Amino acid sequence: MTELLSTETRGPLLDPLFRNGWTMVEDRDAITKTFIFDNFVAAFGWMTQVAIWAEKWNHHPEWSNVYRTVEVVLSTHDVGGLSAQDAKLARKMDSLLAISA
Ligand SMILES: C[C@H](O)[C@H](O)[C@H]1CNC2=NC(N)=NC(=O)C2=N1
């Protein structure tokens, strides 16, 4: 069962993400990061790879793409805030950058 991140687990899970460009969304228990790629195809290719993982894990981003920029927000709708699933998908998004570069 997906659970809201507790105060104790929040730090260790989120701090590495904050060091990697993620930030909290203002007034919402969610994290956000803007990814900028060389061009639209690179952005969409990265989104496609993320989509495969999101579907596999049944955990989906809130995102928008304009040309080579992808704005991502992660939160777990079922629990109304951040869960370990969000940190997991955020780590995967960052790891896929190396492949997409
Ligand atoms: C019915 C389906 O399993 C749920 O709606 C899943 C789908 N993807 C999801 N994605 C996110 N970000 N949060 C959820 O709570 C969630 N729930």
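Just so it is clear, the structure is predicted and the values come from calculations on it, not from any experiment. We count ligands from 1, going down the list as the structure has it; atoms in each ligand are counted the same way.
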About how many Å separate CZ of F37 and CG of L97, when rounded to the nearest 0.5 Å?
->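 Rounded to the nearest 0.5 Å, the CG-CZ separation comes to 5.5 Å.
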How far is [atom] from its nearest protein heavy atom, and which residue and atom is that?
atom: atom 1 (C) of ligand 1; answer: N58 ND2, 4.9 Å
atom: atom 5 (O) of ligand 1; answer: D78 OD1, 4.2 Å
atom: atom 10 (N) of ligand 1; answer: H60 N, 3.0 Å

Quick note on ligand 1: atoms under 4.0 Å from a heavy atom of T76 include exactly 13 (N), 15 (O)
Honestly, for P61 the part within reach of ligand 1 (heavy atoms, under 4.0 Å) is neither
> Right, does atom 14 (C) of ligand 1 have protein non-hydrogen atoms nearer than 4.0 Å?
Replying inline: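 So far as the 4.0 Å threshold goes, atom 14 (C) of ligand 1 is in reach of a protein heavy atom.
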| 4.5 Å side-chain heavy-atom contact, H59 and W53 | no
- request: Compute the minimum heavy-atom distance from A54 to ligand 1 and say whether it is under 4.0 Å.
  value: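 The answer is no, since A54 has no heavy atom less than 4.0 Å from ligand 1.
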Common cluster, L13/M24, ILVMFWY with side-chain heavy-atom separation under 4.5 Å
yes
request  = Report whether M93 and I36 are members of the same hydrophobic cluster (ILVMFWY, side-chain heavy atoms less than 4.5 Å apart, transitive linking).
outcome  = no
| message | Please check whether H77 reaches ligand 1 - meaning an N/O of the residue sits under 3.5 Å from an N/O of the ligand, judged on distance alone. | response | yes
Any Lys/Arg nitrogen of R10 or D15 sitting under 4.0 Å from an Asp/Glu carboxylate oxygen of the other?
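Salt bridge absent between R10 and D15.
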Using distance only, find each side-chain donor-acceptor pair of residues 70-83 under 3.5 Å and give its atom names and separation, not counting sequence neighbours.
unit_1 : atom_1 : unit_2 : atom_2 : d
S75    : OG     : D29    : O      : 2.9
S75    : OG     : G81    : O      : 3.3
T76    : OG1    : S83    : OG     : 2.6
T76    : OG1    : D86    : OD1    : 3.4
T76    : OG1    : D86    : OD2    : 2.5
H77    : NE2    : E62    : OE2    : 2.8
S83    : OG     : Q85    : N      : 3.1

